[in-house]
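Data first, discussion second: the structure below is written as structure tokens.
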Amino acid sequence: MAEPTTDAASPRGRGTGRPDVAQPADVATGGREFPEAVEPEPPTVPDLLLPTPTAAAAPAAEAGDPAIDVRDLGIRYNLRLTRRTTLKGSLPDFFRRDEEMPNHFWALRHVSFRLEHGESLAIIGPNGAGKSTLLLALAGILEPSEGVIRSFGRVSTLLTLGAGFEAELSGRDNIDLVAAFLGIDHSEMAALTPSIIEFADIGPFIDAPVKTYSTGMKARLGFAIATSVTPDILLLDEVLGTGDQTFRARSQARVRELIENAKAIVLVTHDLTFVTEFCNRAILVERGTVIREGPPAEIVRLYRNRVAERTLLAEAEAARFARVPGT
Amino acid sequence: MTATSPDALAAPPGPAGRQSFPGLVGRGLRDIRQRHRLIRYLVGADLKRTHADTLFGQIWWLLDPLLQMAIYVVLVTVIFRRATPDYPLFLFAAILPWKWFATTLNDATTSVTGRQGLIRQIQFPKLVLPTAAVTAGTVSFAVGLLALGMVYVFYLHRLSAWVLLIPLIAVVQYAFTLALGVALAAMNAFYRDVHNVLRHVTRLWFYLSPALYSINDLREGSVERFVLQLNPMTHLLESYRAVTWGTSAPDWLGLLAVLGLSVVLLVFAVALFKRVEPAFARIL
């Protein structure tokens with residue numbers, strides 16, 4: 001947000017006359033910074049009148065350019081307000097406004113890393129470690145409770161395939177709807193629609209309501225939409241396992257293509273083979289903090305060792321409990 | 001809009017909670033302007049979803065208000081034995097906009113909580129959700145006007161050029177409903193009680209609004225009449241009734257007052273919504 005605007009120089013000219021396109025990245029870059037992280041800059045009027053600061057942060061995406069910069073990220077959940085609160089339950093707490101109440105839970109804390117264009121980063125770790133929370137924060141869906149996330153370029157999320165689909169609408173209408181949710185410019189989407197339909201490979205079903213689709217068809221359409229726009233930064237959550245063998249091969253090919261096009265990728269997966277094969281960096285997350293960052297092979301080895309260790313411990317524990325009734 | 005948008009962009013790019021009031025409102029207006037297409041698709045989806053699985057399909061758009069009117073006509077003329085000339089039309093003129101108001105408010109209130117899955121999947125301006133809900137209701141109201149045309153067949157002597165003012169009154173009602181809907185959607189995300197309370201409040205509100213009766217049935221200078229004057233829906237319903245049944249001008253002053261109130265409410269509602277919006281993904 002604070003960078004001088006160079007969007008006119010951007011080869012793609014992204015964001016200049018297309019506020020719709022610029023929207024998601026705007027949220028990713030500008031919306032979530034803390035004021036202290038921004039250089040104090042005299043706000044000049046021309047700067048302020050630009051549609052969005054997106055392109056300011058998105059010059060040419062070339063290998064080596066920063067894509068995501070995460071500094072001391074913390075995400076805190078307020079357990080008091082989470083999950084179907086009713087007045088009765090929270091009224092007594094309402095008047096106690098203590099910041100450090102045990103009702104707060106840090107899903108992530110002190111997470112810092114940098115990702116450059118052309119890199120693909122795998123986030124691995126046990127269930128409940130905070131991997132998905134990290135991805136949600138990178139996508140701009142969760143605001144950091146502390147620290148800064150800066151992303152440079154258009155971010156596309158593929159968290160759950162088929163999110164935003166309306167069962168009653170046809171596949172074709174859903175392409176428009178999801179694109180509108182994602183903030184993709186309408187004319188751009190119109191141009192991309194044929195290739196999406198082709199990639200999703202659902203034939204005449206494209207004009208049938210989505211409620212008639214199989215899970216695989218929905219996943220394919222979702223994947224095709226999310227990857228159609230050639231994002232600068234692609235966030236994936238455990239989606240490569242969906243679909244049949246053919247589609248899995250095709251989606252992996254598409255992901256590899258995106259990686260090669262100097263796009264940055266962050267993916268959360270339990271498929272450790274995929275991590276070592278396609279990612280060039282990995283971080284291990286446990287209990288909300290980064291345990292280690294490094295080459296995938298090393299991180300996967302570390303993770304496997306820790307899992308094995310924990311399994312042994314758990315087995316020992318189980319064995320001890322098993323003996324208790326006998327004594 | 002031009003006055004607020006520079007403010008909006010000048011607002012510190014911090015967590016939305018620290019934003020200034022005009023900044024929040026400006027961002028809200030920008031959300032709506034930039035995502036008008038999304039709102040349109042959502043309205044379309046909403047309309048396709050309603051009555052999609054029913055035998056009569058779209059005919060329910062007309063049948064629903066007509067049947068409701070029939071019930072009240074029976075209730076009031078047969079059971080309570082009250083005689084207002086051309087009562088079905090008198091009633092229908094108020095039932096139709098009330099139905100729009102009540103269902104729309106209900107839909108808007110649950111618009112954010114009903115999309116919790118999506119809110120945790122995609123980053124988008126959540127303000128489009130209550131806006132789309134209220135807008136979709138407008139379409140069903142417009143279709144309901146066809147039913148009004150059918151009722152008119154029996155009361156042609158009540159038809160005057162004043163009916164052309166219905167869209168104008170509807171604009172005021174739209175603003176009022178949108179303001180309430182946006183605020184309620186934000187509150188319901190935190191406390192689902194809001195939706196439960198709303199159901200009962202709207203029912204009570206219905207009887208406290210001149211739908212089954214007219215404000216003129218109440219004695220001039222009575223407390224009841226004074227209280228009813230404070231109800232924005234009174235002025236809206238009486239205006240609809242004046243132009244359809246009364247063959248006269250609407251309650252201009254009342255409409256203007258409701259419009260002013262709605263705009264003020266809407267500004268506060270949008271600011272409230274934008275203020276709490278970042279928390280939605282965290283609490284839903």
Side-chain angles (χ1 to χ4, degrees), chain A residues 1-2 19-20 22-24 27-36 38 43 45 47-53 75-78 81-88 90 136 139-145 155 157 159-160 163-164 166-169 173-174 176-183 186 209, chain B residues 2 5-19 27 30-31 33-42 44-53 113 115-125 128 187 189-194 196-197 276-284:
Chain A
M1 178 143 252
D20 262 352
Q23 174 69 13
V27 172
T29 52
R32 295 176 293 130
E33 290 171 12
F34 280 71
E36 57 265 33
V38 180
V45 174
D47 254 314
L48 299 175
L49 290 177
L50 280 168
T52 57
I75 300 278
R76 188 181 57 189
Y77 281 100
N78 184 340
L81 284 174
T82 325
R83 294 284 162 203
R84 267 155 259 261
T85 335
T86 55
L87 261 179
K88 186 173 164 261
S90 65
L136 288 172
I141 294 164
L142 288 179
E143 261 195 12
S145 308
V155 182
T157 20
L159 301 177
T160 301
E166 278 282 347
E168 294 293 337
L169 295 184
D173 288 344
N174 267 300
D176 286 339
L177 178 66
V178 173
F181 265 123
L182 294 169
H186 178 70
Chain B
T2 39
S5 51
D7 271 346
L9 293 166
R18 317 278 186 281
Q19 285 200 351
R27 285 173 70 104
R30 203 168 50 140
D31 285 351
R33 207 182 42 212
Q34 287 184 346
R35 297 302 185 98
H36 61 93
R37 201 177 283 274
L38 174 57
I39 295 170
R40 205 186 324 148
Y41 292 147
L42 284 172
D46 203 17
L47 297 180
K48 270 205 184 143
R49 202 173 36 219
T50 340
H51 307 312
D53 297 322
T113 46
R115 293 244 179 207
Q116 46 180 297
L118 189 63
I119 287 170
R120 285 186 64 86
Q121 301 288 339
I122 298 175
Q123 163 63 36
F124 66 97
V128 300
M187 289 191 257
F190 291 89
Y191 300 105
R192 312 295 157 104
D193 309 60
V194 171
N196 291 344
V197 172
V276 299
E277 184 187 28
F280 288 164
R282 213 176 281 248
I283 58 157
L284 286 176

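Chain letters run A, B, ... following the sequence lines, proteins first, then strands; residues in each count from 1. The figures here come from the full heavy-atom set of this structure, side chains too, leaving out hydrogens, waters and symmetry mates.
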Practice task
Give a yes or no answer on whether the side chain of A:N174 reaches the backbone of A:E166 with a donor-acceptor pair at less than 3.5 Å.
Solution key: yes
Exercise for the section: Keeping the roles fixed (side chain from A:R76, backbone from A:S145), state whether a donor-acceptor pair exists under 3.5 Å. Expected result: no
Handout entry: Under 4.5 Å from a heavy atom of chain A, the part of B:L38 involved
Key = both
Handout entry: Interatomic spacing from CZ in B:R37 to CZ in A:F181 - rounded to 0.5 Å
Key = 15.0 Å
Fill in the blank from the handout: Whatever's closer than 4.5 Å to a heavy atom in chain A on B:L42 counts as both
Problem - Under 4.5 Å from a heavy atom of chain B, the part of A:D173 involved - result: side chain
Problem - Distance in Å, A:I141 CD1 paired with B:R282 CZ, rounded so as to fall on 0.5 Å steps - result: 12.5 Å
Practice task
Side chain from CB out, backbone as N, CA, C, O: work out which of these in B:R40 comes under 4.5 Å of a heavy atom of chain A, or both, or neither.
Solution key: neither
